[in-house]
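Here is the structure we will look at, set down as structure tokens.
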Amino acid sequence: MEMIRYLLSADGGYVSRYLTDIFGDDWAQVFECISEDMQEPISYIPQGLLLGLASLPILWLCWKIFCRNRRPDWVRLGAYACCIAYVFVLLNMTFFSREPGSRTGVNLQLFGTWGDTPKSRGYVIENIILFLPFGILVPGAIPFLRRAWCCVPVACLCSIAIEGVQFVTQRGYCQLDDVLMNTAGAGAGWLLYRIVLHRRMLFHEKKRKSRALTSIAQ
């Protein structure tokens, strides 16, 4: 933690200069705004996790009904449960925590929401963070979305659907940047998913070769 604080401090060297190049001299305020705004979605996570855990017996029962000849894949079932938790947090963030008619307006200008204030720039980054779990969790739960050319467009369609419902119910501003940033976040999440999956495959392959060499030596 102390190392992170140092890297984000004014004396943090390359990291500090890199953040300054992107966000300007007020990048520390951008980071602070993001930290404050993230308190709301974090507060929904415990309830979402409880909902995901509560859904596991139902998911297991559905697996037994529709996949009778296959043993339960608890990794995938866990991914389903995590997706349920994520959807719960996402819906609360984008709909249920807002009053109908509280937000009106449309902004279809590319990068029109970046603005000059730390708050506006923080919102853009938060839209990327919002869909990071989509790119990580959804491919683990739904096999045909494990390819980027499937996962990322589906994330884009989901974001468009959210913007459309927000526009109709006036629970959020309809903005092109939100769709772009959400899609970028899903793409970044998918890359993280592929990296973890690749490292897991390498680990199991190394373990298999080790067992093979041990059996030959015996």
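Atom set for the values below is all heavy atoms of this structure, side chains included, hydrogens, waters and symmetry mates excluded.
The shortest side-chain heavy-atom distance between Phe131 and Ile162 falls under the 4.5 Å cut-off. Between Ile129 and Met38, the closest side-chain pair of non-hydrogen atoms falls below 4.5 Å. The closest side-chain heavy-atom distance from Leu137 to Tyr193 is not below 4.5 Å. Put simply, the side chain of Pro41 reaches to within 4.5 Å of the side chain of Met93, judged on heavy atoms.
Annotation for Lys119: atom NZ counts as buried by contact number, over 12 foreign heavy atoms lying within 6.0 Å. Within 6.0 Å of CZ in Phe167 there are 12 or fewer heavy atoms belonging to other residues, nucleotides or ligands.
Here the straight-line distance linking atom CG of Leu51 with atom CG of Leu56 works out to 10.5 Å at 0.5 Å rounding. The distance from the CG atom of Leu132 to the CG atom of Leu191 is 10.0 Å, given to the nearest 0.5 Å. For the atom pair Ile58 CD1 and Leu77 CG, the distance stands at 12.5 Å (nearest 0.5 Å). Note that CE of Met181 and CH2 of Trp114 are 9.0 Å apart. Values are rounded to the nearest 0.5 Å. To the nearest 0.5 Å, the span separating CG on Leu90 from CZ on Phe95 amounts to 7.5 Å. With rounding to the nearest 0.5 Å, the separation of OH in Tyr86 from CD1 in Ile136 is 9.5 Å.
Proximity of a side-chain donor or acceptor of Asn92 to a complementary backbone N or O of Ser97 within less than 3.5 Å is not detected. A distance-only check finds no donor-acceptor pair linking the side chain of Ser159 to the backbone of Cys156 [under 3.5 Å]. Side-chain atoms of Asp177 come within 3.5 Å of backbone atoms of Gly112 as a donor-acceptor pair (strictly under, hydrogens ignored). Side chain of Ser55 to main chain of Ala81: no donor-acceptor pair is present (N/O by atom type, distance under 3.5 Å, no hydrogens or angles). The main-chain N or O of Cys174 is never found under 3.5 Å from a side-chain atom of Asp178 such that the two would form a donor-acceptor pair. Of the possible polar contacts, one joining the Trp190 side chain to the Arg146 backbone as a donor-acceptor pair under 3.5 Å is found. Panel note: side chain Arg121, backbone Val30; no donor-acceptor pair is recorded below 3.5 Å. Looking at Arg76, its side chain never comes within 3.5 Å of a backbone N or O of Gly140 through a donor-acceptor pair. Distance alone, capped at 3.5 Å, is enough to place a donor-acceptor pair between the Tyr80 side chain and the Ala141 backbone.
The heavy-atom pair separating Gly115 from Ser120 by the smallest distance is CA-OG, 3.5 Å. For the pair Leu53 and Pro57, the tightest heavy-atom approach, listed with the atom from each and the gap, is O-CD, 3.6 Å. Arg70 approaches Trp63 most closely through the heavy-atom pair O-NE1, 3.4 Å.
Residues in residues 99-112 take part in no side chain to side chain donor-acceptor pair (under 3.5 Å) pair, two or more places apart or across chains.
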* Asked: Passes side chain to side chain contact (heavy atoms under 4.5 Å, CB included), Gln175 versus Val106? Steps please.
  -> CA-CA 6 Å; Gln175 297 170 324; Val106 178; over 6 Å; no

* To do: Before giving the answer on side chain to side chain contact (heavy atoms under 4.5 Å, CB included), spell out for Cys151 and Phe134 the whole-Å C-alpha distance, their side-chain angles and the decisive distance to 0.1 Å.
  => CA-CA 9 Å; Cys151 179; Phe134 188 103; 4.2 Å; yes

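Residues Leu108 and Phe111 are members of one and the same hydrophobic cluster, defined by side-chain heavy-atom contacts under 4.5 angstrom among Ile, Leu, Val, Met, Phe, Trp and Tyr. Placement of Leu197 and Val75 in two distinct hydrophobic clusters is found when ILVMFWY residues are connected by side-chain heavy-atom separations under 4.5 Å, directly or transitively. Hydrophobic clustering keeps Leu50 apart from Tyr44 (ILVMFWY residues linked when any side-chain heavy atoms are closer than 4.5 Å, directly or through intermediates). Hydrophobic clustering of Ile, Leu, Val, Met, Phe, Trp and Tyr side chains at less than 4.5 Å, counting indirect connections, keeps Trp74 apart from Ile142. Linking ILVMFWY side-chain heavy atoms closer than 4.5 Å, directly or via other members, places Trp149 and Val179 in two distinct hydrophobic clusters.
Looking only at atom types and distance, the side chain of Thr94 has no donor-acceptor partner in the side chain of Gln166 under 3.5 Å away.
Applying the side chain to side chain contact (heavy atoms under 4.5 Å, CB included) test between Thr113 and each of Val124, Leu180, Leu176 identifies Val124 as the sole match.
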